[in-house]
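Down below is the structure, laid out as structure tokens.
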Amino acid sequence: MTRFSALSLLALGSMAFASQDDFQAKCAQFSDKINLPHVQVNFAEYVQGGTNLSLPDNAPSCDASYQTVSVDLCRVAMAVNTSSSSQITLEAWFPREYTGRFLSTGNGGLSGCIQYYDLAYTAQMGFATVGANNGHNGTSGKPFYHHPEVLKDFAYRSLHTGVVIGKELTDIFYDEGFNKSYYLGCSTGGREGWKSIQKYPNDFDGVVAGAPAINFVNLISWSAHFYSILGSSTSDTFLTTADWELVHEEILRQCDTIDGAKDDIIEDPDLCQPILETLICPSNAKNTTNCLSSAQVHAAQKVFSPFYGDKGELLYRRMQPGSENLAAPIMYNGEPFEYSLDWFRYVVYNDPSWSGNFTVKDAEAALAQNPYNIQTWDGDLSPFQKNGGKVLHYHDHEPPPTELDEFYRFFTISGMGHCGDGNGAYGIGQGIDTYASSEPGSNVLMAMVKWVEEGVAPETVRGAKFEDGVGTPVEYWRKHCRWPRRNVFKGPGNYTDENSWECI
Ligand SMILES: *[C@@H]1O[C@H](CO)[C@@H](O)[C@H](O)[C@H]1NC(C)=O
Ligand SMILES: *[C@@H]1O[C@H](CO)[C@@H](O)[C@H](O)[C@H]1NC(C)=O
Ligand SMILES: *[C@@H]1O[C@H](CO)[C@@H](O)[C@H](O)[C@H]1NC(C)=O
Ligand SMILES: *[C@@H]1O[C@H](CO)[C@@H](O)[C@H](O)[C@H]1NC(C)=O
Ligand SMILES: *[C@@H]1O[C@H](CO)[C@@H](O)[C@H](O)[C@H]1NC(C)=O
Ligand SMILES: *[C@@H]1O[C@H](CO)[C@@H](O)[C@H](O)[C@H]1NC(C)=O
Ligand SMILES: *[C@@H]1O[C@H](CO)[C@@H](O)[C@H](O)[C@H]1NC(C)=O
């Protein structure tokens, strides 16, 4: 054997040793250490940082067949029975570089999907993190059909079950256990966070709840009612995407500069009361490409009006002006809104043939049902507050209760669509795609950590505006204000200068 090959063998030997270090060995043996009721461990596997993880078991409608993982971690996949007729799929990811913090992720829409991107994001931030499928697989509401236990998982039980088991596993996996417990979720995930605060006030020390789908049943009805206002694409009340673009430009013309800056971003949509009659085609118009019929304008005005029940009670706030270009392809596309359709078919009426021709009577029926109080808002947060819990709530816009400043702070993120996206400075560290900084002032999750662990509450949330959407360079930053303050451009200089803005 030449000296060279002996050295190569030595090198190979130490590499083989390195590939079975203590962390990996612990991961390989972890399944054997778990003996919890109702829990079946499918596998525990070491995932090396930089792996493009393949997820062949993830339901196709979840649209996530792989996830890039940037740090070394131990991935534990489980099935957990929640009743004799329901089961959640649960994953726990334990990073090698661990900060002593436990976290649970949430879900979205009516799903049914483990949010692997949130597991990857929070593991990379040093959290021992869990994610569950919320009791069923995929984005459809069909699994709720005649399956109340599956619905119960979706309403609250899946998240809580994952937290209880996740904390036990974290204590077993890391000798040092964990110190603090966190939650990060948006939309349905935001609702799950609020449900947890009220129903299980001991589960988390800090909850970051984005655009929460609270008032859930009315949100479902409100989402359904746009189809009854606008009709199908052949209806004379229907607006095409190009028509909504006209509406959007007109709304910006009337409302963009209320905050002092002409930047295509409406800082406070509550101050915007657009008059859309300006868009009605003159009676002698030959070319109607750039104007609307009065039927269309009246339909658009209804979209921007509050949504009332048949006794005149407010069920949901108006759609906020400025959102129409993002909302049109999803909510105003000439079809019944899919989640609403599923909810009425498989939960409210148990009738898969229900048409989607929604009326306010349907809203009343849905609200009377309110299974497992999925509406979510109970109004009593005191047990959570007494336990020292903190909530950071962010939203494109929706006023909350205001007098809770000590432990509850609400930030409106201008120019943000639903949970992300949009044309504003929405990169606030709410997820792996919108991450621009881990500095607490510019990252909602790390802001929460600082609040819980150092007692320093956030005054503003600083967001990155990406040049051309996520994944592109940061064009500028803007600080978003704590409710009920609002952002006003004071100058001097450009609206891209974050110090030219003031919260008033
Ligand atoms: C989960 O429930 C199924 C069906 O009742 C049962 O066969 C299985 O053994 C249970 N698994 C665990 C881990 O309890
Ligand atoms: C990961 O793998 C998928 C499927 O093979 C591929 O489409 C994707 O581009 C890969 N991602 C990265 C970052 O390599
Ligand atoms: C928990 O906090 C204590 C006190 O700050 C610290 O000594 C300990 O290392 C922390 N534990 C973990 C798991 O981070
Ligand atoms: C969800 O999908 C996983 C992976 O394919 C499967 O093991 C599990 O049984 C499914 N859960 C339900 C409730 O169908
Ligand atoms: C109508 O106006 C639009 C926009 O100005 C223009 O693109 C289009 O060619 C015009 N159509 C006719 C028939 O003149
Ligand atoms: C709603 O009702 C109208 C009139 O009865 C009907 O033409 C239309 O197809 C229905 N829409 C749906 C989605 O079923
Ligand atoms: C402000 O910055 C934007 C984006 O860089 C630029 O398009 C615009 O011209 C600037 N406005 C002024 C008044 O400098």
Side-chain angles (χ1 to χ4, degrees), residues 30-45 47-73 75-93 113-121 123-124 130 132-137 143 146-153 157-158 160-162 164-166 168-169 172 239-250 253 278-293 296 325 431-435 469-472:
F30 191 60
S31 303
D32 302 335
K33 289 195 174 176
I34 304 173
N35 184 13
L36 300 172
H38 314 300
V39 179
Q40 179 196 313
V41 179
N42 293 330
F43 59 83
E45 67 176 12
V47 180
Q48 190 166 9
T51 300
N52 185 358
L53 189 63
S54 172
L55 305 166
D57 292 336
N58 207 10
S61 61
C62 293
D63 196 22
S65 55
Y66 60 89
Q67 176 62 50
T68 314
V69 177
S70 66
V71 296
D72 294 355
L73 54 85
R75 175 189 179 204
V76 187
M78 291 157 279
V80 184
N81 288 349
T82 51
S83 75
S84 60
S85 59
S86 58
Q87 183 186 73
I88 64 169
T89 301
L90 177 68
E91 295 217 5
W93 289 19
C113 299
I114 292 176
Q115 298 196 166
Y116 287 97
Y117 42 88
D118 284 338
L119 288 172
Y121 175 51
Q124 135 193 343
V130 294
N133 73 340
N134 227 4
H136 64 284
N137 288 325
H146 293 311
H147 280 108
E149 295 291 347
V150 176
L151 187 57
K152 192 171 181 174
D153 280 343
R157 190 172 50 191
S158 172
H160 178 65
T161 303
V164 170
I165 291 167
E168 290 186 71
L169 297 186
I172 300 170
L239 285 81
T240 64
T241 311
D243 294 333
W244 282 113
E245 193 52 50
L246 279 185
V247 173
H248 184 60
E249 282 165 22
E250 180 62 10
R253 191 182 70 77
T278 50
L279 290 169
I280 296 178
C281 298
S283 53
N284 60 352
K286 297 229 165 51
N287 185 338
T288 57
T289 304
N290 284 333
C291 57
L292 302 177
S293 71
Q296 289 175 311
N325 54 339
I432 198 163
D433 277 348
T434 51
Y435 170 88
V470 293
T472 65

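One-based numbering, in listed order, for ligands and for the atoms of each.
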> Which class fits the ring pair Y116 and W93: parallel under 30°, tilted 30 to 60°, perpendicular over 60°?
Replying inline: tilted
>> Can you name the atoms of ligand 2, numbered from 1 with element, that are less than 4.0 Å from a heavy atom of T68?
In response: 13 (C)
> Quick one: does atom 9 (O) of ligand 1 have a protein heavy atom under 4.0 Å from it?
Replying inline: no
>> Test your reading of the structure: does N52 have an N or O sitting under 3.5 Å from an N or O of ligand 2?
In response: yes
> What residue and heavy atom of the protein are closest to atom 7 (O) of ligand 2, and at what distance?
Replying inline: Y66 CE2, 3.8 Å
> Quick one: does S158's side chain have a donor or acceptor within less than 3.5 Å of a partner on N134's backbone?
Replying inline: yes
> Going by atom types only, do R157 and S86 share a side-chain donor-acceptor pair under 3.5 Å?
Replying inline: yes
> For atom 5 (O) of ligand 1, what's the nearest protein heavy atom and its distance?
Replying inline: S84 O, 4.3 Å
> Say you draw a straight line from SG of C281 to CG of L292; how long is it, rounded to the nearest 0.5 Å?
Replying inline: 6.5 Å
>> Can you list everything that forms a salt bridge (Lys or Arg N to Asp or Glu O under 4.0 Å) with D118? Sequence neighbours excluded, please.
In response: none
Which donor-acceptor pairs under 3.5 Å do side chains of residues 38-45 form with protein atoms, sequence neighbours excluded?
{"from": "Q40", "atom 1": "NE2", "to": "N42", "atom 2": "OD1", "distance (Å)": "2.9"}
{"from": "E45", "atom 1": "OE2", "to": "R75", "atom 2": "NH1", "distance (Å)": "3.1"}

>> Under 3.5 Å between any N/O of N81 and any N/O of ligand 1: does that happen in this structure?
In response: yes
> Is it the case that Q87 and N81 place a side-chain donor and acceptor less than 3.5 Å from each other?
Replying inline: yes
> When you measure from atom 1 (C) of ligand 5 to every protein heavy atom, which one gives the shortest distance, and what is it?
Replying inline: N287 ND2, 1.5 Å
>> Students should be able to answer this: which protein heavy-atom is nearest to atom 4 (C) of ligand 5, and at what distance?
In response: N290 ND2, 3.6 Å
> Among protein heavy atoms, which lies nearest atom 13 (C) of ligand 1, and at what distance?
Replying inline: H38 C, 3.6 Å
